[in-house]
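Take a look at the structure set out below.
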Number of protein chains: 2
Amino acid sequence: MQKTSIKKRVTLKDVANAVGVHVSTVSRALDPRTRHLITPEVAEQILKASERLDYRQNAAAYSLKTNRTRTIGVVVPDITNPVFPPIIRGVEDALASRGYVAILGNTDGDMRRETGLVETFRSRGVDGLILASVEREDAAVSKLAAEGLPVITVNRRVDDSTVASVVNDEAEGIRRVLTHLVSLGHRRVANIAGPQSLSTGAARYAGFEKYRGPMGLADDRGLVVFANAFNEAEGERCVEELLASGAEFTAIVCSNDRLAVGAIAALSRHGRRCPEDVSVTGYNDMPMVERMQPPLTTIRIQSNKVGFEAGQLLVQMIERPPGEYVAEHIVLPIELIVRGSTRAIHAPNGQDGDTAKPRVRPL
Amino acid sequence: MQKTSIKKRVTLKDVANAVGVHVSTVSRALDPRTRHLITPEVAEQILKASERLDYRQNAAAYSLKTNRTRTIGVVVPDITNPVFPPIIRGVEDALASRGYVAILGNTDGDMRRETGLVETFRSRGVDGLILASVEREDAAVSKLAAEGLPVITVNRRVDDSTVASVVNDEAEGIRRVLTHLVSLGHRRVANIAGPQSLSTGAARYAGFEKYRGPMGLADDRGLVVFANAFNEAEGERCVEELLASGAEFTAIVCSNDRLAVGAIAALSRHGRRCPEDVSVTGYNDMPMVERMQPPLTTIRIQSNKVGFEAGQLLVQMIERPPGEYVAEHIVLPIELIVRGSTRAIHAPNGQDGDTAKPRVRPL
DNA sequence: GTGGCTGGTGCAATCGTTTGCACATAACCA
DNA sequence: TGGTTATGTGCAAACGATTGCACCAGCCAC
């Protein structure tokens with residue numbers, strides 16, 4: 001009965017005593033990278049003993065000595081926003097397999113809170129940072145990267161390309177959406193663009209501007225309206241603005257799903273049904289939008305993969321000798337998901353597969 | 001121009017040298033709890049200097065010395081499940097104000113991964129644990145608590161009441177749902193119960209069994225079917241099972257929103273419309289269910305508050321001398337949210353306001 | 001048989017804090 | 001004025017790991 005109710009944690013010294021060697025020998029035997037320095041049989045004994053005694057390295061001591069914490073900081077605007085959990089999940093999956101863990105912070109879109117969090121994380125000695133909260137202009141972040149701290153932005157980027165990033169192919173996403181709408185016969189397509197201070201908002205808007213001419217869409221200035229945030233309320237406001245301006249359109253490309261959700265709500269409040277009167281598209285394919293009425297046509301981004309790639313890349317940066325990496329920029333492909341919120345315009349009768357059968361009378 | 005490109009981190013010693021005192025004096029001056037030991041003017045100087053030099057405590061050294069990390073481990077089944085982010089957010093908000101941070105892990109409902117994560121977290125020396133992933137029988141968790149590690153379960157509980165918890169008033173939630181349905185004239189109410197290995201599933205089912213008799217509902221055994229998981233697929237499967245059994249019902253009480261979402265989908269596949277033919281209720285009021293078609297009648301839980309309370313309580317437990325606390329159990333009130341997925345039975349025509357006032361003929 | 005390697009281990013310093021204790025100096029009271 | 005008590009500060013030992021260096025065998029080659 002060795003049921004000591006107060007368990008002291010077992011240290012290297014305990015293992016060393018058990019085997020009859022010095023702590024440094026144990027330390028070396030336990031680290032795969034230095035194990036070759038030790039006589040195989042001794043190493044074996046040490047492994048056995050450390051197993052038997054249930055030794056686990058003291059993370060604090062390790063950090064103090066090596067200046068590495070195997071911890072990385074993850075900063076998001078708000079974990080409650082459905083866009084971010086899959087990303088975080090991806091990050092954690094990538095980290096877990098390499099023995100790292102993530103600590104998390106929310107900024108609520110406030111840049112001062114971002115810098116505050118980064119401070120907190122740095123003082124805890126994080127080995128690297130993954131930021132989902134950056135704006136395009138973010139001198140603080142560039143400085144971090146310049147100081148040699150491994151940093152990656154996810155989903156968004158900063159304009160300064162010296163900081164690594166993993167993002168989605170925004171322009172291509174918009175191109176796909178437009179192609180889809182054009183194929184349904186739409187020519188007057190409005191755009192609810194996201195905040196231009198965020199790379200996602202800017203890149204999607206840029207895509208819209210780039211492609212709408214070549215695709216034969218009307219390029220009225222009045223067809224674009226800018227949201228101040230990526231949320232439902234702004235989606236509603238922007239639709240109000242569009243309607244008030246008297247602009248004519250048969251479809252709205254929204255810069256993300258939440259804007260689209262708000263847009264559809266506002267449209268229906270004004271007696272315009274989606275998709276019968278107006279087609280609406282989103283961006284992100286966040287959870288549940290396929291269960292909405294109408295189910296949302298949108299661009300699926302690989303959120304989980306974005307996080308996973310970022311996690312992997314960050315660990316690489318961390319474990320590479322300092323200064324030996326250049327800022328990588330990974331762009332992941334997207335996918336168009338066609339659902340019920342888009343429909344052919346003025347199609348008097350049959351056509352095929354793609355979406356809804358537009359047995360619709362012209363207006 | 002003191003632009004040293006390689007910033008050495010400033011330590012207590014640096015501050016001590018700057019002021020001309022010993023590091024121990026600096027250490028004491030910086031800690032509010034020991035500041036009174038120092039001559040006020042000296043303390044002032046030290047504060048100033050540490051400010052000026054931008055001193056920040058080395059977390060690893062602190063931990064090594066004090067055995068405290070100001071870090072707590074949070075374990076959830078899957079952060080991607082919309083129920084959890086608000087809870088996590090609440091936890092983090094509570095922790096942040098006290099200088100703690102959270103590290104996060106996902107189990108995907110696998111109990112072995114739970115114990116693995118707990119191991120990882122312990123080896124990193126977390127000061128406490130918040131578990132959203134526990135099953136009712138969880139000897140490992142009880143043992144943790146018994147060993148003196150502060151542990152709180154959130155949303156769920158373990159049967160062993162020695163481990164603290166913050167949960168919702170499940171029985172009351174079910175009572176409210178049933179009251180609502182009864183007032184709409186429903187008498188044959190089915191129940192898609194959640195997994196009975198989870199306290200939420202068990203407590204809600206217990207509520208159903210407890211109240212349906214007294215409220216005058218049919219208490220056929222055949223009206224209850226058990227889901228093996230809280231997800232849409234199981235919701236669908238359970239409806240199939242109900243329909244196949246030939247059971248008659250005009251409403252289904254689902255143990256959570258995702259089951260309800262699945263249930264509605266399966267019903268409509270079988271030509272039963274919600275709410276016209278069958279009323280359906282959920283539980284949790286997770287994001288977006290108000291945008292579904294039909295918008296879901298459900299029980300709103302205070303997810304954010306659950307997390308916040310748990311965070312607060314845990315910090316209290318941590319900062320109290322060991323053994324000086326008893327396991328507290330906090331139960332938070334819920335709220336019935338009536339939306340479009342419930343309707344009065346046999347209502348031939350009009351209705352209004354709330355949802356349908358029971359212009360109902362008794363059966 | 002001696003000198004030089006080399007491979008395996010131990011020694012001890014170190015990372016940056018906290019904290020019990022010793023030691024001054026000043027303050028107090030008789 | 002002398003002895004006692006406060007009061008503020010410094011000293012040094014931890015905490016548990018990593019790691020450069022010294023050491024000591026044993027082995028090989030000459």
Side-chain angles (χ1 to χ4, degrees), chain A residues 7-47 49-50 53-71 99 122-125 127 319 321, chain B residues 7-47 49-50 53-71 99 122-125 127 319 321:
Chain A
K7 301 202 171 189
K8 282 297 295 171
R9 239 182 79 176
V10 11
T11 73
L12 277 192
K13 199 195 288 190
D14 298 324
V15 179
N17 288 342
V19 181
V21 295
H22 193 260
V23 294
S24 60
T25 306
V26 179
S27 174
R28 285 189 261 256
L30 257 29
D31 183 345
R33 287 193 309 274
T34 52
R35 178 139 55 232
H36 66 275
L37 296 173
I38 305 297
T39 313
E41 300 151 13
V42 178
E44 173 99 358
Q45 279 186 63
I46 292 177
L47 264 332
S50 90
L53 299 180
D54 193 27
Y55 167 80
R56 269 157 311 153
Q57 185 185 57
N58 180 314
Y62 172 85
S63 298
L64 179 57
K65 187 62 189 157
T66 62
N67 231 350
R68 307 197 32 249
T69 53
R70 295 197 204 97
T71 299
R122 293 197 76 187
S123 104
R124 282 175 173 270
D127 293 340
E319 297 189 343
Chain B
K7 301 203 170 188
K8 282 298 295 172
R9 244 185 77 172
V10 11
T11 72
L12 277 191
K13 199 195 284 189
D14 298 322
V15 178
N17 288 342
V19 181
V21 296
H22 192 262
V23 294
S24 61
T25 307
V26 178
S27 174
R28 287 190 261 255
L30 259 27
D31 183 345
R33 288 194 308 273
T34 52
R35 181 140 52 234
H36 66 276
L37 296 172
I38 306 296
T39 315
E41 301 150 13
V42 178
E44 174 100 357
Q45 279 186 60
I46 292 176
L47 264 332
S50 89
L53 300 180
D54 193 27
Y55 166 79
R56 269 158 310 153
Q57 186 186 57
N58 180 314
Y62 172 86
S63 297
L64 178 56
K65 188 60 191 162
T66 62
N67 229 350
R68 307 201 29 249
T69 53
R70 297 198 203 96
T71 299
R122 293 197 76 187
S123 104
R124 282 175 173 268
D127 293 339
E319 297 189 343

Please give, in whole Å, the distance from [N] [atom2] to [X] [atom1]?
X: A:Arg68; N: D:dT18; atom1: CZ; atom2: P; value: 11 Å
X: B:Leu64; N: D:dT18; atom1: CG; atom2: C1'; value: 13 Å
X: A:Asp31; N: D:dG20; atom1: CG; atom2: P; value: 12 Å
X: A:Leu12; N: D:dC15; atom1: CG; atom2: C1'; value: 13 Å
X: B:Asn17; N: D:dG10; atom1: CG; atom2: P; value: 11 Å
X: B:Leu37; N: C:dT18; atom1: CG; atom2: P; value: 14 Å
X: B:Arg33; N: C:dT19; atom1: CZ; atom2: C1'; value: 12 Å
X: B:Asn58; N: D:dA17; atom1: CG; atom2: P; value: 17 Å

Any N/O pairs under 3.5 Å between the protein and nucleotides 12-14 of chain D? List them or say none.
{"unit_1": "D:dA14", "atom_1": "N3", "unit_2": "B:Lys65", "atom_2": "NZ", "d": "2.7"}

Proximal nucleotide (of [options]) relative to the [X] side chain:
X: A:Ser27; options: C:dT19, D:dT19, D:dG16; value: D:dT19
X: B:Thr39; options: D:dT9, C:dG16, D:dT18; value: D:dT9
X: A:Thr66; options: D:dT18, C:dT17, C:dC21; value: D:dT18

Is the shortest side-chain N/O distance from B:Thr25 to OP1 or OP2 of D:dG10 below 4.0 Å?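 For D:dG10, OP1 or OP2 has a side-chain N or O of B:Thr25 closer than 4.0 Å.
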
Between A:Tyr55 and D:dA17, is there a side-chain N or O to OP1/OP2 distance below 4.0 Å?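 For D:dA17, OP1 or OP2 has a side-chain N or O of A:Tyr55 closer than 4.0 Å.
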
Residue pair [X] / [Y]: nearest heavy atoms and the distance that separates them:
X: B:Arg35; Y: B:Leu47; answer: NH1-CD2, 3.9 Å
X: A:Arg122; Y: B:Arg56; answer: CB-NH1, 4.1 Å
X: A:Ala43; Y: A:Ile38; answer: N-CG2, 3.8 Å

Do B:Asn17 side-chain atoms and B:Asp14 backbone N/O form a donor-acceptor pair below 3.5 Å? no

For the backbone of A:Glu41 and the side chain of A:Thr39, can you confirm whether one donor and one acceptor N or O come within less than 3.5 Å of each other?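 Side chain of A:Thr39 to backbone of A:Glu41, a donor-acceptor pair under 3.5 Å: no, none is there.
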
If you pin B:Ala61 and B:Val42 to their nearest nucleotides in DNA chain D, which one's is more 5'?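 Per heavy-atom nearest nucleotide, the more 5' residue is B:Val42.
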
Residues which pass side-chain hydrogen bond (donor to acceptor under 3.5 Å, both in side chains) with A:Ser50, listed by chain and number, not counting sequence neighbours: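 Testing A:Ser50 for side-chain hydrogen bond (donor to acceptor under 3.5 Å, both in side chains), a comparison that skips the adjacent residues, returns none.
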
Looking at residues at least two apart in the chain, or sitting in another chain, which of them share a side-chain hydrogen bond (donor to acceptor under 3.5 Å, both in side chains) with A:Thr71? B:Arg124

Which residue lies more 5' along DNA chain C, comparing A:Val21 with B:Arg28 via nearest heavy atoms: A:Val21

